[in-house]
Amino acid sequence: MPSAESVFRELNARLDLPARRRALLLRELRADFEDLVTTLVAEGLTPEAAQQKAFRLLTPSPDDAGALSGLHRTRYARLVSGYRAARVQVVERVSIGVMAALAVGAPLFALARSSGLPVGTLTVLGVAATFLLANLAWHAFRIVVRDDADADSLARAGMVQAALLGLTLSAGALSVFVDAALTLSSWEAGGGATTIQVAATMTRCAETTALTLGLTILGVFGALALLQWHLSARTVEEELRALLSPTFDPEEE
């Protein structure tokens, strides 16, 4: 006679669903199985006979597993089910990249028109900020719309976010250093830099520093959100492993 965990592991392998939705479905099915076994034992069947009958009544066939997967898919998954997965992913990534570039580029363009920051500085920081936002937007899309973000991918996203934060800080620091160094070297060498120009350079450096810190703070909040999503995904995956183990107790859920 198959064990309960082997039956649910087989069903878990056949379900084409994200981990969170598989956990919800298997939780309900396993709780129903345990309740049915308890009821049958109370009616006089032996535990072994009760489990055999419960298996016959509740074990889904391959067709049932496909139907359950279709029933519990997200609306977005149903919408794109008629297209090739690779093509859908390319369209998703390109769309998010374009939206991130527009979201970052528009305010930076306005800032370039209204401040004295060099276009090169804004371009460097804009590129770094675009990657920061695109990384967050892509994983937010996976969590909210696709519902398929797993703990490992979110952990990698957090490491990428940390690297992008370092890149943003480095880009801002380099811009400040280059701007200040060029002006001060010209002033010390008597190359024409005036006190007014030095003051203007200091103002630009302060503005660049403020912009860099603002982008960094936004990136840090994004990293914290990724951490929270990672912990939630890991909790779901731990629950899924518990559901597929022989020691599962439905009263604990």
Side-chain angles (χ1 to χ4, degrees), residues 16-27 72-80 85-86 88-111 121-175 207-243 253:
D16 183 20
L17 292 171
R20 187 179 69 83
R21 290 178 177 257
R22 276 185 285 129
L24 290 172
L25 179 57
L26 290 173
R27 181 198 304 166
H72 288 80
R73 281 182 180 175
T74 63
R75 292 181 180 179
Y76 179 77
R78 297 192 191 104
L79 179 65
V80 301
V88 170
Q89 191 173 59
V90 169
V91 172
E92 290 172 345
R93 289 180 180 271
V94 170
S95 299
I96 287 174
V98 170
M99 287 188 293
L102 290 174
V104 172
L108 287 183
F109 177 77
L111 185 61
T121 297
L122 291 173
T123 300
V124 171
L125 289 176
V127 170
T130 296
F131 281 113
L132 271 175
L133 183 57
N135 184 54
L136 291 173
W138 169 244
H139 291 284
F141 175 76
R142 290 189 60 198
I143 292 166
V144 177
V145 179
R146 286 175 42 174
D147 194 19
D148 69 346
D150 58 275
D152 288 341
S153 68
L154 290 172
R156 290 192 295 271
M159 290 187 287
V160 170
Q161 188 74 0
L164 292 173
L165 283 171
L167 176 64
T168 303
L169 284 171
S170 299
L174 181 61
S175 298
E207 291 175 347
T208 301
T209 300
L211 178 58
T212 302
L213 290 177
L215 294 174
T216 301
I217 291 171
L218 290 176
V220 168
F221 280 120
L224 293 175
L226 286 172
L227 175 62
Q228 182 61 45
W229 291 336
H230 165 72
L231 294 175
S232 298
R234 190 173 65 181
T235 299
V236 169
E237 291 173 6
E238 289 174 352
E239 179 189 2
L240 187 56
R241 285 192 292 271
L243 287 166
E253 300 299 327

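- In this structure, Trp138 CH2 and Ser95 OG are separated by 10.0 Å, a value rounded to the nearest 0.5 Å.
- The OG1 atom of Thr130 sits 7.5 Å away from atom CG of Leu108, with the distance rounded to the nearest 0.5 Å.
- Scanning all heavy atoms of the two residues, the minimum distance from Ala137 to Ile96 falls at CB-CG2, 3.7 Å.
- Shortest non-hydrogen contact noted between Ala233 and Ala149 is CB-O, 4.1 Å.
- Contact detail for Asp147 and Pro18: the closest heavy-atom pair is O-CB, 2.7 Å.
- Ser175 pairs in a side chain to side chain contact (heavy atoms under 4.5 Å, CB included) with only one of the listed residues (Thr212, Thr121, Thr209), which is Thr121.
- Counted by atom type alone, Arg142 and Ser153 present one or more donor-acceptor pairs between their side chains at under 3.5 Å.
- Taken to the nearest 0.5 Å, the CG atom of Leu136 stands 6.5 Å off from the CH2 atom of Trp229.
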Leu154 and Ile143: CA distance, side-chain angles, deciding distance, side-chain contact (heavy atoms from CB on, under 4.5 Å) verdict: CA-CA 10 Å; Leu154 290 172; Ile143 292 166; 4.0 Å; yes
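- Here the side chains of Leu132 and Leu218 are not in contact, with every heavy-atom distance at 4.5 Å or above.
- Under the 4.5 Å side-chain criterion, counting only non-hydrogen atoms from C-beta, Phe141 is not in contact with Met99.
- Rounded to the nearest 0.5 Å, atoms CG (Leu169) and CG (Leu213) are 7.5 Å apart.
- Here the side chains of Leu24 and Arg27 are in contact, with some heavy-atom distance below 4.5 Å.
- Here the side chain of His230 pairs a donor or acceptor atom with the backbone of Ala151 at under 3.5 angstrom.
- One distance of note links CZ of Arg20 with CG of Asp150; it measures 14.0 Å at 0.5 Å rounding.
- Between Val88 and Tyr76 there is a side-chain heavy-atom pair separated by less than 4.5 Å.
- In this structure, Leu25 CG and Leu240 CG are separated by 10.5 Å, a value rounded to the nearest 0.5 Å.
- Of the possible donor and acceptor atoms, none in the side chain of Glu237 sits under 3.5 Å from a partner among the backbone N and O of Ala19.
- Counting heavy atoms from C-beta outward, Thr235 and Glu239 have side chains that stay 4.5 Å or more apart.
- Scanning both residues, Ala103 and Leu133, for their nearest heavy atoms gives CB-CD2, 3.5 Å.
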side-chain contact (heavy atoms from CB on, under 4.5 Å) assessment of Val104 paired with Leu215: CA-CA 10 Å; Val104 172; Leu215 294 174; 6.0 Å; no
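- For the pair Asp148 and Arg146, the tightest heavy-atom approach, listed with the atom from each and the gap, is OD2-NH2, 2.6 Å.
- Within the 3.5 Å criterion, the main-chain N or O of Leu226 finds no donor-acceptor partner in the side chain of Gln161.
- By the 4.5 Å heavy-atom criterion applied to side chains, Leu122 and Leu211 are counted as neighbours.
- Val236 and Ala23 get closest at one heavy-atom pair: CG1-CB, 4.2 Å.
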